[in-house]
Amino acid sequence: MAAADELAFHEFEEASSLLAETPDAATTSGRGQLAPQGHVAVEVDSGGIYGSEEAEESDKTALLQEEKQQPGFWTFSYYQSFFDVDTSQVLDRIRGSLLPRPGHNFVRHHLRNRPDLYGPFWICATLAFVLAITGNLTLVLAQRRDPSIHYSPQFHKVTVAGVTIYCYVWLVPLALWGFLRWRKGVRERMGPYTFLETVCIYGYSLFVFIPTVVLWLIPVPWLQWLFGVMALVLSAASLVFTLWPVVREDTRLVAAVLLSTVVLLHALLAVGCKFYFFQPLPLEHLAPPAQATSLPANLLLPPTSRPKVT
């Protein structure tokens, strides 16, 4: 009780001294706190302290919920974000790969730090099936022109096309990304793309071969090669223009060798698909069969001499 009385008297003494200093001030009732007129009275009690602590705790909880931990690469949720694209984004990236031009970076203008696996996955799948189907259709059309050609469905071409395309789109970017990472340590100014960005570059660059493979059904060899060269030039130009901002900081020799290797591997893929899935027919099917000439009836053959038997 003594401590409480001393505390109450102390508050009354402070209030009296404050009124003596400002006699025109008005008092407000709120647990013995005074506020001069014209000023804002702030009341802080135990409930206010607890309320501020609860607000801070709720803010921390919200921040923790927003900063979710990244799932492991072995989980489905990790790869789900790479397929989170809409149709307009995929079409924009396809147009960017079909219309390469100097100074137009595919990664900076189309990917925008958001690489996806949806486009490359379906482009590779479509190209593999189109290669296998058109390769079989080539033999079917050749059989209709020449019944002597024997045709049997070649389902193994689907497997060969799928393995070839997917290995190319994953292994070549992996080797290129590893080489650029190694050169980054040698040349500190180089900033290589991420592995998924490199896969995106290669995946979208193969889209131009899908309509080209369909046009290879035209049974005109020089026209097939013309379409193939045009598709190869567009696809290789997309790769070179995209990789040039990364490799130009390196030495001229390394940049030239690297870009030449990229173009050479791209050309080997196109030429290999052309010869394997659209292999030319054997010569006996291309040349017309020789017709047997009949001799006239009035033509007498010279008598043949028979050996004498002794």
Side-chain angles (χ1 to χ4, degrees), residues 65-73 75-134 158 161-162 164-174 176-177 180 191-217 227-228 230-247 259 262-263 266 269-270 273:
Q65 290 178 354
E66 291 178 358
E67 298 178 357
K68 295 181 179 179
Q69 295 182 354
Q70 291 292 336
F73 69 92
T75 61
F76 180 77
S77 301
Y78 178 80
Y79 300 95
Q80 188 176 4
S81 60
F82 300 129
F83 291 84
D84 187 15
V85 289
D86 54 16
T87 306
S88 61
Q89 291 177 333
V90 174
L91 292 178
D92 177 71
R93 295 172 181 184
I94 290 175
R95 284 193 297 266
S97 65
L98 291 176
L99 301 173
R101 56 185 183 273
H104 188 80
N105 194 323
F106 179 79
V107 174
R108 186 173 67 251
H109 292 89
H110 297 281
L111 294 185
R112 298 185 183 92
N113 297 325
R114 288 193 60 189
D116 70 286
L117 294 178
Y118 180 86
F121 174 81
W122 286 112
I123 288 174
C124 294
T126 304
L127 181 59
F129 277 101
V130 170
L131 273 173
I133 293 172
T134 51
V158 180
T164 303
I165 298 299
Y166 278 104
C167 286
Y168 178 79
V169 172
W170 283 95
L171 296 182
V172 174
L174 179 61
L176 178 61
W177 173 76
L180 292 177
Y193 301 129
T194 63
F195 174 65
L196 289 179
E197 287 175 343
T198 311
V199 171
C200 260
I201 296 170
Y202 270 83
Y204 281 103
S205 68
L206 294 180
F207 180 83
V208 68
F209 288 104
I210 296 177
T212 303
V213 169
V214 177
L215 292 175
W216 278 350
L217 287 173
F227 291 144
M230 292 174 60
L232 178 61
V233 169
L234 288 176
S235 185
S238 176
L239 293 177
V240 172
F241 292 155
T242 305
L243 295 175
W244 172 246
V246 177
V247 301
L259 294 180
V262 168
V263 175
H266 221 56
L269 176 69
C273 291

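Contact detail for L111 and R93: the closest heavy-atom pair is O-NH2, 3.4 Å. Taking each heavy atom of L180 and V246 in turn, the nearest pair found is CD1-CG1, 4.1 Å. Looking at every heavy atom in both residues, P120 comes nearest to G203 through CB-CA, 3.9 Å. Shown here for I201 and F106, the closest heavy-atom pair between the two residues is CG1-CD2, 4.3 Å. Closest of all the heavy-atom pairs between A270 and W216 is O-CH2, 4.2 Å. The two residues D86 and S88 make their nearest non-hydrogen contact at OD1-OG, 3.1 Å.
Annotation: the span from H109 atom NE2 to T242 atom OG1 amounts to 10.5 Å, rounded to 0.5 Å. Considering OG1 of T134 and CZ of F129, their distance stands at 12.5 Å, rounded to 0.5 Å. Remark: L206 CG to L239 CG distance equals 8.0 Å, nearest 0.5 Å. Taking CH2 from W170 and OG1 from T198, the interatomic distance works out to 11.0 Å, rounded to the nearest 0.5 Å. Atom CZ in R114 sits 6.0 Å away from atom CG in D84 (nearest 0.5 Å). The structure places OG1 of T126 at 11.0 Å from CD1 of I165, a figure rounded to the nearest 0.5 Å.
The number of heavy-atom neighbours closer than 6.0 Å to OH of Y118, taken from other residues, nucleotides and ligands shown, is 12 or below.
By the 4.5 Å heavy-atom criterion applied to side chains, L176 and Y202 are counted as neighbours.
Checked by atom type, the side-chain pair D116/Y204 shows a donor-acceptor distance below 3.5 Å. Side chains of H266 and Y168: a donor on one and an acceptor on the other come within 3.5 Å.
Note on ring orientation: taking the six-membered ring where Trp is involved, the planes of F121 and F83 are perpendicular (angle over 60°, cut-offs 30° and 60°).
When each of L99, L98, V208 is checked for a side-chain contact (heavy atoms from CB on, under 4.5 Å) with L234, only V208 meets the rule. Among S97, P115, S205, the single residue meeting the side-chain contact (heavy atoms from CB on, under 4.5 Å) criterion with C200 is P115.
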